[in-house]
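Computed from heavy atoms alone, side chains included, the values below leave out hydrogens, waters and symmetry copies. Quick caveat, the model's predicted, so the values are computed rather than measured.
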Amino acid sequence: DVQLVESGGGSVQAGYSLRLSCAASGLTASNTYMAWFRQAPGREREGVSCIDLRYGYTSYADSMKGRFTISLGNSKTTVYLQMNSLKPEDTAMYYCAAGEVRCAPSSFFKSWGQGTQVTVS
């Protein structure tokens, strides 16, 4: 099965940046999409960004456009999320996921990491 390990989270002041990393192992050809999700206390899981592993196409939630950027490492075993101009409302646990078919809904993602905490004050 797929193993996903997130890293790069931390506690920062508003306006600062973080780059999250997701190291993947066990990916197969059926895992055609990888994405970042986040979940804040008392909130439902929210899609952040998604990347098509076949073609490199990317998509973003409207609230993250212009601030966050998803990218794939050269080995295609690492996915990054560059987070700029962070706001307190970005505080959440951020999860990496691998899935099939399309980027939404989240049920298409069957493999999940344990998450990395981002706190913005």
Side chain to side chain contact (heavy atoms under 4.5 Å, CB included) between L27 and M34, worked out: CA-CA 10 Å; L27 290 174; M34 293 189 69; 4.0 Å; yes
Pairing of D1 and K110 as salt bridge, 4.0 angstrom limit: no
Cationic N near anionic O, under 4.0 Å, D62 to K65: yes
Any chain of hydrophobic side-chain contacts (each under 4.5 Å) joining [X] to [Y]?
X	Y	result
L72	F68	yes
L4	M93	no
V79	Y60	yes
I51	Y80	no
W36	V2	yes

First locate atom [atom1] of [X], then atom [atom2] of [Y], and finally report the distance between them rounded to the nearest 0.5 Å.
X	Y	atom1	atom2	result
C22	Y94	SG	OH	15.0 Å
L86	Q13	CG	CD	11.0 Å
R45	R38	CZ	CZ	14.0 Å
R19	L81	CZ	CG	10.5 Å
L20	Q82	CG	CD	8.5 Å
R102	S107	CZ	OG	10.0 Å

Whether F109 and F37 hold their rings parallel, tilted or perpendicular, with breakpoints at 30° and 60°: perpendicular
Taking [X] for its side chain and [Y] for its backbone only, find out whether a donor-acceptor pair lies under 3.5 Å.
X	Y	value
E6	C96	yes
S49	S59	yes
T78	A23	no

Whether over 12 other heavy atoms sit under 6.0 Å from E44 CD: no
Heavy-atom neighbours of R54 CZ exceed 12 at 6.0 Å: yes
Please report the shortest heavy-atom distance between [X] and [Y], naming the atom on each side.
X	Y	value
A40	A92	N-CB, 3.9 Å
G26	N31	O-OD1, 4.4 Å
S30	T28	OG-OG1, 2.8 Å

Test side chain to side chain contact (heavy atoms under 4.5 Å, CB included) applied to E89 and S63, step by step: CA-CA 11 Å; E89 51 262 45; S63 63; over 6 Å; no
Side chain to side chain contact (heavy atoms under 4.5 Å, CB included) between S7 and T116, intermediate numbers included: CA-CA 6 Å; S7 62; T116 185; 5.6 Å; no
Steps toward side chain to side chain contact (heavy atoms under 4.5 Å, CB included) verdict (K76, L53): CA-CA 8 Å; K76 297 188 176 181; L53 300 180; 6.0 Å; no
